[in-house]
Amino acid sequence: MNPESIKMPEAIHFAMEAAWSAYLQYRLLPRHRRVEFMYAIAHEIEALGDELIATAHSETHLPVARLIGERARTCFQLRSYADACLQGDWLDARIDTGDPLRSPPKPDLRKMNVPLGPVVVFGASNFPFAYSTAGGDTACAFAAGCPVVVKAHPAHPQTSDLVAAAILSAAKKCNLPEGIFGHVHGDGHETGALLVQHPRTKAVGFTGSFRGGKALYDLAQARPEPIPVFAEMGSVNPIYLLPGQLSERGEDFARQIAASITLGVGQFCTNPGVIVGLQGADLDRFAQVLRDEIIHTAPAMMLHQGIAAAFHSHVARALSQPEVIPLAESRTPFSSGESRPTIAQVTGAGFLSQPKLAEEVFGPYSILVQCGSSGEMEAVAEMLRGQLTSTFIATEDDLRSHEALVALVQEGCGRVVVNGVPTGVEVVLAQHHGGPFPASTDSRFGAVGADGIRRFCRPLAYQNYPAQLLPPELQNENPEAIPRTVNNVCTKEAIP
Ligand code: NAP
């Protein structure tokens, strides 16, 4: 398939039908073929060299060093998810051997995860490599055995074209069917909507705004055949400052939090947008250091004019709410398309009475909520359910003595951080990047780490199936030595 922009809607139909016929072949290939393909994609992306970085830089304004790092992360994701594909943990292979002598006879049952079918992936504006065309969702889908059709993000179309060409080149070198990867550009929401509604689409991966993710989720559920949509829609990632640690190291953490708020011009879904503490001298000292850091942070270009315009209007809206006052605004003049690092402040009561203040402002902005009591902090935590992350700045004693708050916070987020910042998402198996709605549309799954492969498969059980016709992963010999649960025991051994 040609990686150039394809016009819709025929293009969509063509891409999805090609993906379907590729799926019928790809799902049957041994896993090592998927691994070869994913390694080849990483290689092809690296071979694009400076051209890729320069193109992404001109389209996104992200600094070159950041883009080089993100490209490395993208290739690491492809290779490490490929390794995980081979290792086979995500297959959840279960075997309960039969017993013909039991009365009634016990059937032989063997179960493992199988691919869902073609996956539509929406590239993210803020990660032109790691969560776009060959990003985490695409890597997970390929590992699971699913072809992918990407809706390129309109803010970096040429970057997306280059990466798409790299994927197609890898597919060709690995002798994979043409439709294994499709790449579609769109102008307006119709393209994305049609991709989600196409009958050959079996799952969707999305990173972006709440409005976009929820609209696509609703469309998917309204189809004659509803399909899963794994939308990661961001959150305000609250930070709770507990009294013991605030008194001991509050100023230290104020500097770390300021750096986290402004990292990457605040354009991370894990950006801390709400900071919650108890009124008093320690919080005043924390606020003073935070203010000093922010006023000296220079504005910088945001990803695109639309995101910059949304940032300024959302900050203005927050600052115009009753009881909200600015704590700090960068003192450096800013130009069109640039951010202006800003911190607002409000009392706990003021925050609780204005739900709009709990909405994400995408960019270098945060609001300091000064609570009058622990009970008020708990009420804020209750209001802030549905987060990717929540952070405690706390000693062990703080955590012990705020049991109710700790429980509420854990109930409402996908990752709880202690004495750190939520930005900087490690790509490892034990990571979880997701969370209860509205952080994501399915709190059981995450978008970072090889466990994300599980989003794009479903269990299939084989009952009394002829031994030699079973997938190799479920045969007695266990030729690939994958981890399996055999008669309730975890093992990589063959069944004698
Ligand atoms: P977005 O507006 O949600 O767009 C993401 C993708 O979804 C684009 O390809 C967009 O393409 C498509 N789309 C959006 N709404 C749609 C709809 N109703 N129907 C069909 N397709 C739809 O995200 P964005 O452009 O990256 O940034 C906008 C805002 O999203 C930011 O200001 C920020 O608040 C938030 N954001 C959050 C994260 C995060 O990590 N959670 C990341 C980036 C952005 P079309 O416009 O061509 O339809």
Side-chain angles (χ1 to χ4, degrees), residues 5 7-9 12 59-62 70 120-133 135-137 149-157 159-160 183-198 201 204-222 229-237 263-273 302-315 317-318 337 339 356 358-365 386-389 414 422-423 425 433-435 437-441 446-448:
S5 308
K7 300 284 171 242
M8 44 89 45
I12 288 170
E59 288 189 318
T60 65
H61 311 112
L62 291 171
E70 191 183 322
V120 166
V121 170
F122 287 78
S125 60
N126 57 341
F127 277 100
F129 303 145
Y131 275 85
S132 283
T133 319
D137 289 346
V149 176
V150 163
K151 153 79 171 62
H153 195 283
H156 52 254
T159 305
S160 201
H183 188 230
V184 179
H185 291 273
D187 194 9
H189 296 343
E190 195 188 358
T191 306
L194 288 169
L195 282 167
V196 171
Q197 288 171 315
H198 196 281
T201 304
V204 177
F206 172 94
T207 303
S209 66
F210 173 78
R211 193 185 293 190
K214 182 65 167 56
L216 295 170
Y217 176 83
D218 289 344
L219 276 177
Q221 302 322 303
V229 174
F230 301 100
E232 190 267 271
M233 302 177 291
S235 60
V236 294
N237 304 293
L263 184 74
V265 202
Q267 299 168 126
F268 288 117
C269 41
T270 49
N271 185 59
M302 299 195 78
L303 289 161
H304 58 78
Q305 289 288 345
I307 281 189
F311 172 75
H312 289 292
S313 95
H314 291 153
V315 171
R317 186 182 68 182
S339 64
K356 283 249 171 275
E359 289 176 13
E360 181 184 25
V361 175
F362 193 68
Y365 162 88
Q387 303 293 333
L388 292 170
T389 74
T423 45
V425 182
H433 187 70
F437 184 85
S440 82
T441 46
V448 175

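In each ligand, atom 1 is the first atom listed, and ligand 1 is the first ligand listed. Note that these values count all heavy atoms, side chains included, but never hydrogens, waters or copies made by symmetry.
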Would you mind listing which atoms of ligand 1 come within a distance below 4.0 Å of any non-hydrogen atom of [X]?
| X | value |
| --- | --- |
| Ala215 | 18 (N) |
| Cys269 | 39 (C), 40 (O), 41 (N) |
| Thr207 | 40 (O) |
| Phe122 | 7 (O) |

Just to confirm my output: which protein heavy-atom neighbour is closest to [atom], and how far is it?
| atom | value |
| --- | --- |
| atom 36 (N) of ligand 1 | Gly208 C, 3.7 Å |
| atom 7 (O) of ligand 1 | Phe206 CE1, 3.3 Å |
| atom 1 (P) of ligand 1 | Ser209 OG, 3.5 Å |

Do the two ring centres, one from Phe210 and one from Phe362, sit under 6.0 Å apart?
no
Checking the N or O distance criterion of under 3.5 Å, is ligand 1 in contact with [X]?
| X | answer |
| --- | --- |
| Ile307 | no |
| Glu360 | no |
| Gly234 | yes |
| Arg211 | no |

Taking heavy atoms and a distance under 4.0 Å, where does Ser125 meet ligand 1: side chain, backbone, both or neither?
both
Taking the minimum heavy-atom distance to atom 16 (C) of ligand 1, which of His314, Glu190, His189 ranks first?
His189
